[in-house]
2 protein chains.
Amino acid sequence: MAAIDQRTEELTQALRTAGVRITRQRKALLEVVAGAEDHPDAVELHRRAVEKMPGISLSTVYRTLTELEAQGVIQRLQFEGEAARFEHTETDHHDHMIDVETGEVVEFRSERIEALQAEIAAAMGYEIVRHRLELYVRRKPSGG
Amino acid sequence: MAAIDQRTEELTQALRTAGVRITRQRKALLEVVAGAEDHPDAVELHRRAVEKMPGISLSTVYRTLTELEAQGVIQRLQFEGEAARFEHTETDHHDHMIDVETGEVVEFRSERIEALQAEIAAAMGYEIVRHRLELYVRRKPSGG
DNA sequence: CTCCGTGCAAATACTTTGCACCATA
DNA sequence: TATGGTGCAAAGTATTTGCACGGAG
């Protein structure tokens, strides 16, 4: 978990530099976010944050998530009919595949799709600001 | 508008066959849906339905939209940070491009992207149930 | 010591639901 | 006439906000 601590420290410094005050609550949430390998929603993040900083409120979690999103530390995901989920900003952009049976979320990236999207937008006189691609999938029978 | 009336009539028959009772409220909403060339939300659909059937309630609109979605007559769209919008099910599947400045929604379709998506899912052992692709775009300066 | 952040509760926005009455098939 | 649909108001979710107090810089 040393890697997470280091990542948290880096984020802390970067945020402080950006003029964001690092409170115990924010520290706790940063640790949770840096350590999350899944795609938790606000309530789940709050649940985890409470373990590190008892008493932290859900409002503070929401407020901090908004701030972290603005600072580019995390990204907000909005899947069909679900509460918003969050993920830390990776080095690379990626899209999501959601297993409709299990709810499992798999990340993927396709340069070809990215390129095609830009091409399509350009052909219609637009440039892409951001995009959202979600594949709702089911595990293949795969012969047995 | 004869085309819309005919489309409404077709839908009415299909729904009746599927065991869905056609009330004045549902008739009104069907007409509105069949005549909508844009992507209205529930409140806007209600506004339009009231003109055809004064007194129709928002709850009924929501309930009917859920029913129409289940029957495959319409599709629910969920863009970022907006209330759900609805569109009638076209012959062809398509994706959406949303102009972030104006809010305008443009439909598009790319066989190549569709094929790539299926390919990517297959490579990971999945088959696609449905997908969602949204391009949030901005009009290009285009040398002006 | 001064703001900015926090917890709390209330407000908000969208959507769903319980219930008594009404209308379609 | 027997369901199933409707309007209304109230409840439900997910998220945001006003306010007085508290802690980070």
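Proteins get letters first, then strands, A, B, ... in listed order; numbering begins at 1 in each. This one's a predicted model, so the numbers in the text were calculated from it and none came from an experiment.
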Note: [X]-[Y] ion pair, threshold 4.0 Å (strictly below):
{"X": "A/Arg26", "Y": "A/Glu67", "value": "no"}
{"X": "A/Arg109", "Y": "A/Glu111", "value": "yes"}
{"X": "A/Glu87", "Y": "A/Arg85", "value": "no"}
{"X": "A/Glu127", "Y": "B/Lys140", "value": "no"}

Minimum-distance nucleotide to [X] side chain [options: [options]]:
{"X": "A/Ser59", "options": "D/dG7, C/dC14, C/dC8", "answer": "C/dC8"}
{"X": "A/Arg26", "options": "D/dC8, C/dG5, C/dC8", "answer": "C/dG5"}
{"X": "B/Ile56", "options": "D/dA24, D/dG5, D/dG7", "answer": "D/dG7"}
{"X": "B/Arg16", "options": "D/dG7, C/dA25, D/dA24", "answer": "C/dA25"}

Nucleotide [N], atom [atom2] - distance to [atom1] of [X] in whole Å:
{"X": "A/Glu69", "N": "D/dT15", "atom1": "CD", "atom2": "P", "answer": "11 Å"}
{"X": "A/Arg24", "N": "C/dT6", "atom1": "CZ", "atom2": "P", "answer": "10 Å"}
{"X": "B/Lys27", "N": "C/dA23", "atom1": "NZ", "atom2": "C1'", "answer": "16 Å"}
{"X": "B/Tyr62", "N": "C/dC14", "atom1": "OH", "atom2": "C1'", "answer": "5 Å"}
{"X": "A/Glu80", "N": "C/dT15", "atom1": "CD", "atom2": "P", "answer": "14 Å"}
{"X": "B/Gln78", "N": "C/dA13", "atom1": "CD", "atom2": "P", "answer": "16 Å"}
{"X": "A/Glu67", "N": "C/dT6", "atom1": "CD", "atom2": "C1'", "answer": "14 Å"}
{"X": "A/Leu29", "N": "C/dG5", "atom1": "CG", "atom2": "P", "answer": "14 Å"}

Query raised in the report: Taking atom types as they are modelled, is there a donor-acceptor pair under 3.5 Å from the base of C/dG7 to the side chain of A/Arg63?
Result: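 Per atom types, the contact qualifies.
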
Query raised in the report: OP1 or OP2 of C/dT24 sitting under 4.0 Å from any side-chain N/O of B/Gln25?
Result: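 For C/dT24, OP1/OP2 do not have a side-chain N/O of B/Gln25 under 4.0 Å.
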
